[in-house]
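Take a look at the structure below.
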Number of protein chains: 2
Amino acid sequence: MQDRSDSRRTDRIREALEEMIVEGRFADGERLDEVSLSKSFGVSRTPLREAFQALASSGLVEIRARRGTFVRFPSLEDVVEMFDVMAEIEALCGRYAARRLAQADRLAMGDALRACEDAASIPDVEAYYRANHDFHAAIYRASGNRFLANEAERLHRRLKPFRRLQLRVRGRIPESLAEHTRIFEAIVGGDEAAVSCELRRHIAVQGDGFADLVAGYRAAVTGAKGAARARRPA
Amino acid sequence: MQDRSDSRRTDRIREALEEMIVEGRFADGERLDEVSLSKSFGVSRTPLREAFQALASSGLVEIRARRGTFVRFPSLEDVVEMFDVMAEIEALCGRYAARRLAQADRLAMGDALRACEDAASIPDVEAYYRANHDFHAAIYRASGNRFLANEAERLHRRLKPFRRLQLRVRGRIPESLAEHTRIFEAIVGGDEAAVSCELRRHIAVQGDGFADLVAGYRAAVTGAKGAARARRPA
DNA sequence: GCACAAATTCTTGCATACAAGATTATTGAC
DNA sequence: GTCAATAATCTTGTATGCAAGAATTTGTGC
């Protein structure tokens, strides 16, 4: 978001751990050992513990008092719930954007849409993935509500590993691009109802999308190191 | 939410500081001094710093690297934005609740509504305030989406100081109660559109409500110790 | 061989010491 | 007297040590 010099070890480690968790380098329920991790990062336990706190607040790990810190994969049910909420948040952003679109935001969305088209025509999944994020982020900002935009960005980030797997589904990219185009046009046209409807459908997990998500979820979970070895008690 | 033994000093201090900030015991932009606070709490800087991290993640303070931790009042604009989002989140909870209301949730909402009626008939502002929270929390849970319920609860909490001031506005309580009754009936009746509409209007800052909010906001900000002495740079 | 209790070991929570960056005060040139 | 450069001070960031709670192992009785 901001420039944040990130000279602190705490920040560096938080980012590294976040990446590792999202990439599935730990198993679900695995305990993150302060001592061994601090050794492998070459720092003391202090910045590590601070990083744990930050990760806990974004839901990636769970700190249990005097027990330790455990990586927490959302359950399939959790993921479905999060996508439901994401769809509504996106629809809300889109509605606001359609209502009060500023010139600068329109240009940003247009640029991002063009980047999507370029990536889809190659096709380059990684590039599309990035362009997809930029397009959605542009909609968040176009909502004109910074608080909403931040919340949307946060949730988008949290769903990152699952969305990524969805995009790999055969034929999903052209479809996604077509939806983007319709969304963009509806926003520019100021058609709130259409934007809301299109975005909800674009994000929502329903029909075939649900099967894709389940497949993607299983891949993400079993792909993670060791996989669901230790299930959490709660 | 859970039982959380909270035997840790970090948790105790986080709660205490949260309360102090929300109650306006610090000025906007005031730096929270680690040394003097740790002395006044009778602990070392370590648990204090961990508490700061937690407060930062809920937006109550801002940690600037190597500068310190500063209490951050949301601006009036921020508050309006948050209420806008809150209204939509609540409407979403209500819609879900109307669609798939479970018996247990219906009873919980009914109990909370009755508590609102009791508090309004005395009238007891503090009791109404608590019952109001319980009623809304019951709707969140009735949504059947735990993630959504958690997010709603989080945002509700963040808006606590401003809502409290709104309720003090003359004649607001009977009006609020009438709205609650309509909301409850619409949910039980399964009328999604009506629930959505009623909840949005119940929460939203518009018309007279905006003037009330502005007045309440000014009271909250100037009521806080010293008030807007040091404005933040950004 | 099993169950339960005691002791040992391990891990986290907290305090404290030290290092490094930021801030303020001081000195000197003009 | 003003400005800039430098020194002194203060504050945060990190490392380390110690204490207390949790987990594990060992020992004992049956």
Side-chain angles (χ1 to χ4, degrees), chain A residues 2-18 20-21 26-57 60-72 226 229-234, chain B residues 2-18 21 26-57 60-72 229-234:
Chain A
Q2 280 109 305
D3 61 303
R4 50 174 61 254
S5 46
D6 271 16
S7 54
R8 299 185 301 180
R9 302 180 213 259
T10 297
D11 297 327
R12 189 168 53 82
I13 287 163
R14 181 185 52 69
E15 281 164 22
L17 283 175
E18 188 172 310
M20 287 170 80
I21 293 170
F26 300 105
D28 185 21
E30 184 172 348
R31 181 172 134 267
L32 297 180
D33 187 66
E34 294 182 1
V35 177
S36 59
L37 277 173
S38 64
K39 265 181 200 149
S40 81
F41 279 114
V43 300
S44 78
R45 286 170 48 221
T46 309
L48 215 90
R49 286 173 58 85
E50 292 197 348
F52 285 173
Q53 296 257 0
L55 293 173
S57 78
L60 266 64
V61 305
E62 184 180 357
I63 299 177
R64 308 234 294 281
R66 285 176 225 287
R67 299 288 162 81
T69 300
F70 303 83
V71 322
R72 179 189 167 108
R229 192 155 33 91
R231 286 302 300 174
R232 60 179 165 283
Chain B
Q2 279 109 304
D3 62 302
R4 52 173 62 254
S5 47
D6 270 18
S7 53
R8 299 185 302 180
R9 302 177 212 258
T10 297
D11 297 326
R12 189 168 54 82
I13 287 163
R14 181 185 51 70
E15 281 164 23
L17 282 176
E18 189 172 310
I21 293 170
F26 300 105
D28 185 21
E30 183 172 347
R31 179 171 136 268
L32 297 181
D33 186 65
E34 293 183 1
V35 177
S36 58
L37 277 173
S38 64
K39 264 182 200 147
S40 81
F41 279 113
V43 299
S44 79
R45 285 171 50 220
T46 309
L48 215 92
R49 286 174 58 85
E50 294 195 349
F52 284 174
Q53 295 256 3
L55 293 173
S57 79
L60 286 156
V61 305
E62 185 179 357
I63 299 176
R64 308 234 295 281
R66 285 176 222 288
R67 300 287 163 82
T69 300
F70 303 83
V71 322
R72 179 190 165 103
R229 189 157 34 92
R231 286 301 300 175
R232 59 181 167 282

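Note on naming: letters A, B, ... go to the chains in the order of the sequence lines (proteins, then strands), and numbering restarts at 1 for each one.
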Original post:
What integer distance in Å separates A/Leu37:CG from C/dT12:C1'?
Top reply: 14 Å
**OP:** Could you walk me through whether B/Leu37 and B/Phe52 pass side-chain contact (heavy atoms from CB on, under 4.5 Å), step by step?
**Re:** CA-CA 11 Å; B/Leu37 277 173; B/Phe52 284 174; 4.1 Å; yes
**OP:** For B/Leu32 and for B/Thr46, locate the closest nucleotide of DNA chain D by heavy-atom distance; then report the residue assigned to the nucleotide nearer the 5' terminus.
**Re:** B/Leu32
Subject >> Euclidean distance, atom CZ of residue A/Phe70 to atom C1' of D/dA23 [Å, nearest integer] >> reply: 11 Å
Original post:
Is there a donor and acceptor pair closer than 3.5 Å between the side chain of B/Arg45 and the base of D/dG13?
Top reply: yes
Original post:
Between B/Arg31 and D/dT12, does any side-chain N or O lie under 4.0 Å from OP1 or OP2?
Top reply: yes
Subject >> D/dG13 OP1/OP2 closer than 4.0 Å to side-chain N/O of B/Arg49 >> reply: yes
**OP:** Identify the two heavy atoms, one from B/Arg9 and one from B/Pro47, that lie closest to each other, and give their separation to 0.1 Å.
**Re:** CB-CB, 4.2 Å
Original post:
Can you find a side chain N or O atom of A/Arg66 that sits less than 4.0 Å from OP1 or OP2 on D/dA23?
Top reply: no
**OP:** Could you state the atom-to-atom distance from NZ of B/Lys39 to P of C/dT16 in whole Å?
**Re:** 12 Å
Subject >> Phosphate OP1/OP2 of D/dT14: any A/Ser44 side-chain N/O under 4.0 Å >> reply: no
**OP:** Please report the closest heavy-atom contact between B/Phe70 and B/Gly29, naming both atoms and the distance.
**Re:** CD2-O, 3.4 Å
Original post:
To the nearest Å, how far apart are B/Arg67 CZ and C/dG21 P?
Top reply: 13 Å
Original post:
To the nearest Å, how far apart are B/Glu50 CD and D/dT14 C1'?
Top reply: 13 Å
**OP:** Would you please confirm or rule out a distance under 4.0 Å between OP1 or OP2 of D/dT14 and any side-chain N or O of A/Thr10?
**Re:** yes
Original post:
Rounded to whole angstrom units, what separation is found between the CG atom of B/Asp11 and the P atom of C/dT12?
Top reply: 16 Å
Subject >> Interatomic distance, B/Glu34 CD vs C/dA17 C1' [rounded to whole Å] >> reply: 15 Å
Original post:
Under 3.5 Å, side chain of B/Glu30 to main-chain N/O of B/Ala27, donor-acceptor pair present?
Top reply: yes
Original post:
Within this structure, what is the CG-to-C1' distance between A/Asp33 and C/dC10, rounded to whole angstrom?
Top reply: 10 Å
**OP:** Show the numbers, then the answer: is there a salt bridge (Lys or Arg N to Asp or Glu O under 4.0 Å) between B/Arg31 and B/Asp33?
**Re:** CA-CA 6 Å; B/Arg31 179 171 136 268; B/Asp33 186 65; 2.5 Å; yes
